[in-house]
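Some notes on the structure that comes next.
Given the structure is predicted, the values throughout are model-derived calculations rather than measurements.
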Amino acid sequence: MTDDPFDDPFTAHRGLLFTVAYEMLGSAADADDVVQETWLRWAEVDRATVREPRAYLVRVVTRQALNRLRTVSRRREDYVGEWLPEPLLTSPDVADDVELAESVSIAMLTVLETLGPTERAVLVLHEVFDVPYDEIAEAVGKSPAAVRQIAHRAREHVSARRPRTAVSRTEQQEVVDRFLTAVTAGDLQGLLDVLAPDVIVIADGGGLAPAARRPFAGRERVANALSRFAELAPGVEITTPLLNGAVAARIDAGGEFDTAITFVVEDGRISRMYAIRNPHKLGRLDEVAELRR
């Protein structure tokens, strides 16, 4: 008999369970709670009755996440300004897994927010984690036929709204570096060159940090707003960590971390920026998150 903790299925699949919960909820804190609730149920179950631990654990974490999602959806209706997912520091392995990186990107998680709870669960489980329809049906309390229909509708909904182009990490880094060079220099033309004509900026301050309450768009408008950054924030430190599987920007002003920005890069230009400033959402960016498929 071995004492290796990874012999326990819950421990072995914990990264997967956290990832499922995070993709459904967009919040690491809520995902942690759901994983803990899953552990409590796993601790009570008769292991001899569980034929496929991975499938069982995914089913439990999905049900717990659905319960939590219905609760937080009501809470988010009262959120001040735009609500964006909580960003996570991720390893190069996540960035190298193109499908996983896309599924956990802030852009994709924001699109998933427009789905209902069951649609979101079905899409995440089938498209990202390859869970068979019959297993998803057990998790969400629907028939396999109904789950297929839900998956089809959810797939079409997401396909119409997500960014079309996947780019390499090298291209992401090059475009983000150009953008940050222009921002820190107050270079208006440099910003105009690196921003897509219809670029959109979405910011989340949660009423706790200054941020635009609504998205704003257009290359000239965005460039003019950002060109003043160099004057307003001297001595700011900017780094480019991998957040949610892609090259991002971390802004430390006055020795305090106050903004994370993720980007959508298309055709060599930035088409979307997501600026997370709510301090409650920035606490997990000093530790790499374990995201697994």
Quiz prompt | Arg269 and Val175: CA distance, side-chain angles, deciding distance, side-chain contact (heavy atoms from CB on, under 4.5 Å) verdict | solution = CA-CA 7 Å; Arg269 290 181 172 178; Val175 172; 5.8 Å; no
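- In terms of hydrophobic clustering, with Ile, Leu, Val, Met, Phe, Trp and Tyr side chains grouped at heavy-atom distances under 4.5 Å, Leu192 and Phe179 are assigned to different clusters.
- Enclosure of atom CD in Glu52 is not indicated, since only 12 or fewer non-hydrogen atoms of other residues, nucleotides or ligands lie within 6.0 angstrom.
- Defined by atom type and a distance below 3.5 Å, a donor-acceptor pair is missing between the side-chain atoms of Trp83 and Asn278.
- Rounded to the nearest 0.5 Å, atoms CD (Glu171) and CD (Glu266) are 10.5 Å apart.
- Looking at Thr38 and Gln64, their side chains never bring a donor and an acceptor atom within 3.5 Å of each other.
- Thr110 and Pro85 make their closest contact through OG1-CD, 3.6 Å (heavy atoms, listed as atom of the first residue, atom of the second, distance).
- Between Arg293 and Glu99 there is a salt bridge, since at least one side-chain N of the basic residue sits less than 4.0 Å from a carboxylate O of the acidic one.
- Taking both residues in full, the closest heavy atoms of Glu23 and Leu112 are given as O-CD1, 3.8 Å, listed atom of the first, atom of the second, then distance.
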Self-check item: Stepwise side-chain contact (heavy atoms from CB on, under 4.5 Å) check, Val147 with Ser143
Solution: CA-CA 6 Å; Val147 166; Ser143 70; over 6 Å; no
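- Side-chain contact, Asp177 with Gln173: a donor N or O sits under 3.5 Å from an acceptor N or O.
- Atoms CZ and CG, from Arg59 and Leu57 in turn, are 9.0 Å apart once rounded to the nearest 0.5 Å.
- Among Leu115, Val122, Val140, Leu123, the single residue meeting the side chain to side chain contact (heavy atoms under 4.5 Å, CB included) criterion with Ile150 is Val122.
- Of all the heavy atoms in Val176 and Ala248, the pair that sits closest is CG1-O, 4.3 Å.
- With values rounded to the nearest 0.5 angstrom, Glu237 atom CD is found 12.5 Å from Thr184 atom OG1.
- Arg63 has its side chain out of reach of Val60: every pair of non-hydrogen atoms, C-beta onward, lies at least 4.5 Å apart.
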Quiz item: Which is it for Glu287 and Leu89 under the side-chain contact (heavy atoms from CB on, under 4.5 Å) test, yes or no, and what are the steps along the way?
Solution: CA-CA 6 Å; Glu287 178 183 351; Leu89 183 65; 5.9 Å; no
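- Checked options Leu291, Val61, Val58; the residue passing with Leu16 is Val58 (criterion: side chain to side chain contact (heavy atoms under 4.5 Å, CB included)).
- Between Asp204 and Lys281, at least one side-chain nitrogen of the basic residue sits less than 4.0 Å from a carboxylate oxygen of the acidic one, meeting the salt-bridge criterion.
- Between Thr19 and Arg292, the side chains place no donor N or O within less than 3.5 Å of an acceptor N or O (distance only, hydrogens not considered).
- If you take CD1 on Ile106 and CG on Asn244, they are separated by 4.0 Å, rounding to the nearest 0.5 Å.
- Checked for salt-bridge contact, Arg14 and Asp8 miss the test: no charged N lies under 4.0 Å from a carboxylate O.
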Practice problem: Evaluate the side-chain contact (heavy atoms from CB on, under 4.5 Å) criterion for residues Leu88 and Phe18: first the C-alpha distance (whole Å), next the side-chain angles of each, then the deciding distance (0.1 Å), finally the verdict. | Solution: CA-CA 12 Å; Leu88 295 176; Phe18 175 82; 4.0 Å; yes
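- Following chains of ILVMFWY side-chain contacts shorter than 4.5 Å, one cannot reach Val167 starting from Val98, and the two form parts of different hydrophobic clusters.
- Side-chain contact check for Arg277 versus Pro210: some heavy-atom pair is nearer than 4.5 Å.
- Note that CG of Leu195 is 13.5 Å distant from CZ of Arg221, once rounded to the nearest 0.5 Å.
- Hydrophobic clustering, with ILVMFWY side chains joined whenever heavy atoms are under 4.5 angstrom apart, keeps Leu208 apart from Ile202.
- Contact of the Ser159 side chain with the Glu156 side chain is not registered, since no non-hydrogen atoms from C-beta on lie closer than 4.5 Å.
- Two residues are said to be in side-chain contact when any heavy atoms from C-beta on lie closer than 4.5 Å; Glu256 and Asp252 fail this criterion.
- Under 4.0 Å is where a charged nitrogen must lie from a carboxylate oxygen, and between Arg219 and Asp198 no such pair does.
- For Glu127 and Ser103, the side-chain atoms include no donor-acceptor pair closer than 3.5 Å.
- Annotation: the span from Arg228 atom CZ to Leu188 atom CG amounts to 10.5 Å, rounded to 0.5 Å.
- Taking all atoms of both residues into account, the shortest heavy-atom contact from Asp96 to Arg169 is OD1-NH2, 2.5 Å.
- Using a cutoff of 4.0 Å between basic side-chain nitrogens and carboxylate oxygens, Asp258 and Arg250 are not scored as salt-bridged.
- At least one side-chain heavy atom of Met24 sits less than 4.5 Å from a side-chain heavy atom of Val20.
- Aromatic rings of Tyr274 and Phe263 (six-membered ring for Trp) have centroids beyond the 6.0 Å cut-off, not under it.
- With a 4.5 Å cut-off on side-chain heavy atoms, Val264 and Ile270 do not count as touching.
- A donor and an acceptor atom, one from each side chain of His157 and Arg161, are located under 3.5 Å apart.
- Taking all atoms of both residues into account, the shortest heavy-atom contact from Glu86 to Ala28 is OE1-N, 2.8 Å.
- In this structure, Arg155 and Tyr133 approach most closely via the heavy-atom pair NH2-OH, 3.4 Å.
- Classification of Arg76 and Asp78 as a salt-bridged pair fails, no side-chain N sitting under 4.0 Å from a carboxylate O.
- Thr90 is not listed as a side-chain neighbour of Leu243, based on a closest heavy-atom distance of 4.5 Å or more.
- Hydrophobic clustering, with ILVMFWY side chains joined whenever heavy atoms are under 4.5 angstrom apart, groups Leu226 together with Ile238.
- Taken together through direct or relayed side-chain contacts under 4.5 Å among Ile, Leu, Val, Met, Phe, Trp and Tyr, Val80 and Leu84 form parts of separate hydrophobic clusters.
- Contact of the Ser91 side chain with the Leu242 side chain is not registered, since no non-hydrogen atoms from C-beta on lie closer than 4.5 Å.
- Side-chain contact of Tyr22 with Asp32: a donor-acceptor pair under 3.5 Å is absent, judged by distance alone.
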